[in-house]
Amino acid sequence: MSKLHVKTGDEVVVINGKYRGKRGKVLEVSPKEGKVIVEGINIVTKHVKPRKAGEQGGLVKAESALYADKVQLVCPKCGQATRTGSKINAKGEKVRVCKKKDCLAEIK
């Protein structure tokens, strides 16, 4: 099982592809596949068949997974896309930190 640099609930920016520059919140993370689902990014149209009597079928728009290396974490303090480092804070917890030279803020 591999570890990813983003967690559920993080704000990320897409760094390449059709949705380059768009920001969104991480809804789901799949470390085994190395993919994430981001709110409002990589929208696909699914054909849904009604399963129960009276249920509506049709076309449904939903977010699809994209590779985690195509997204970069947004620092809550400086608001820029950044790589992350890790350090032990005063409480003895391991936390992610912004790698921008002027920022170095802790990311929860």
Side-chain angles (χ1 to χ4, degrees):
M1 208 157 117
S2 62
K3 192 171 177 182
L4 297 179
H5 64 285
V6 290
K7 297 178 183 177
T8 304
D10 286 343
E11 188 183 350
V12 295
V13 63
V14 180
I15 55 174
N16 72 350
K18 181 180 174 183
Y19 293 93
R20 182 180 185 168
K22 302 268 187 203
R23 290 183 180 209
K25 188 176 169 186
V26 177
L27 300 175
E28 220 174 293
V29 177
S30 177
K32 193 173 183 180
E33 296 174 331
K35 293 186 176 187
V36 293
I37 296 177
V38 183
E39 187 177 36
I41 307 293
N42 204 18
I43 303 293
V44 294
T45 305
K46 290 180 167 182
H47 295 265
V48 178
K49 199 171 187 178
R51 296 292 173 198
K52 298 176 187 168
E55 191 176 285
Q56 190 74 25
L59 299 173
V60 176
K61 292 194 183 276
E63 290 99 354
S64 181
L66 68 151
Y67 285 106
D69 4 348
K70 292 190 179 228
V71 297
Q72 213 171 26
L73 191 64
V74 174
C75 175
K77 184 180 174 189
C78 62
Q80 294 180 320
T82 182
R83 291 182 175 172
T84 56
S86 59
K87 73 170 188 176
I88 308 293
N89 67 3
K91 297 177 186 174
E93 301 168 332
K94 188 175 182 179
V95 292
R96 297 179 293 170
V97 292
C98 176
K99 294 291 272 186
K100 296 286 181 187
K101 189 175 180 181
D102 301 333
C103 185
L104 301 172
E106 289 185 9
I107 301 167
K108 299 290 176 189

Residue pair Cys98 / Thr82, side-chain heavy-atom distance below 4.5 Å
yes
Residues Ala81 and Gln72: closest non-hydrogen pair is CB-OE1, 3.4 Å
Short side-chain to backbone donor-acceptor contact, Arg96 and Glu106, under 3.5 Å: no
(message) Could you go through Val38 and Val14, starting from their C-alpha distance and side-chain angles, then the distance that decides it, and tell me whether this counts as side-chain contact (heavy atoms from CB on, under 4.5 Å)?
(response) CA-CA 9 Å; Val38 183; Val14 180; 5.7 Å; no
Closest heavy-atom pair, Thr45 versus Lys61, reported as atoms and distance to 0.1 Å, is OG1-NZ, 3.6 Å
NZ of Lys32 to OG of Ser30, rounded to nearest 0.5 Å, is 8.5 Å
- Side-chain donor/acceptor of Ser64 to backbone N/O of Ile43, under 3.5 Å: no
Rounded to the nearest 0.5 angstrom, the SG-NZ distance for Cys103 and Lys101 is 14.0 Å
Requested in this report: Check step by step if side-chain contact (heavy atoms from CB on, under 4.5 Å) holds for Leu59 and His47.
Outcome: CA-CA 5 Å; Leu59 299 173; His47 295 265; 3.1 Å; yes
*Decide yes or no for Leu73 and Ile107: does some side-chain heavy atom of the first lie under 4.5 Å from some side-chain heavy atom of the second?*
yes
Ser86 and Lys94 have their tightest heavy-atom pair at OG-CE, 3.6 Å
TODO: Kindly check if the number of other-residue, nucleotide or ligand heavy atoms within 6.0 Å of CD (Gln56) is above 12?
DONE: no
dist Leu104:CG -> Lys99:NZ (nearest 0.5 Å) comes out at 8.5 Å
For Ser2 and Pro31 the tightest heavy-atom approach is OG-O, 3.0 Å
Between the SG atom in Cys78 and the NZ atom in Lys100, the distance rounded to the nearest 0.5 Å is 7.0 Å
- [ ] Answer yes or no: are there more than 12 heavy-atom neighbours, outside Lys35 itself, under 6.0 Å from its atom NZ?
- [x] yes
Can Leu66 be reached from Val6 by stepping across I, L, V, M, F, W or Y side chains whose heavy atoms are under 4.5 Å apart?
-> yes
**Message:** Please tell me whether Tyr19 and Val36 are part of a single hydrophobic cluster in this structure, the criterion being side-chain heavy atoms less than 4.5 Å apart.
**Reply:** yes
Taking the side chain as every heavy atom from C-beta outward, state whether Leu27 and Glu63 have any atom pair closer than 4.5 Å. yes
- Can Val74 and Arg23 be said to form a side-chain contact (heavy atoms from CB on, under 4.5 Å), step by step? CA-CA 9 Å; Val74 174; Arg23 290 183 180 209; 3.4 Å; yes
Between the CD atom in Glu33 and the CG atom in Leu4, the distance rounded to the nearest 0.5 Å is 10.5 Å
Test of understanding: clusters of I, L, V, M, F, W, Y form through side-chain heavy atoms closer than 4.5 Å, transitively. Do Val12 and Val29 belong to the same one? yes
Point to revise | Heavy-atom side-chain proximity of Lys25 to Glu11 below 4.5 angstrom | key: no
So CG of Asn42 and CD1 of Ile37: to nearest 0.5 Å the spacing works out to 9.5 Å
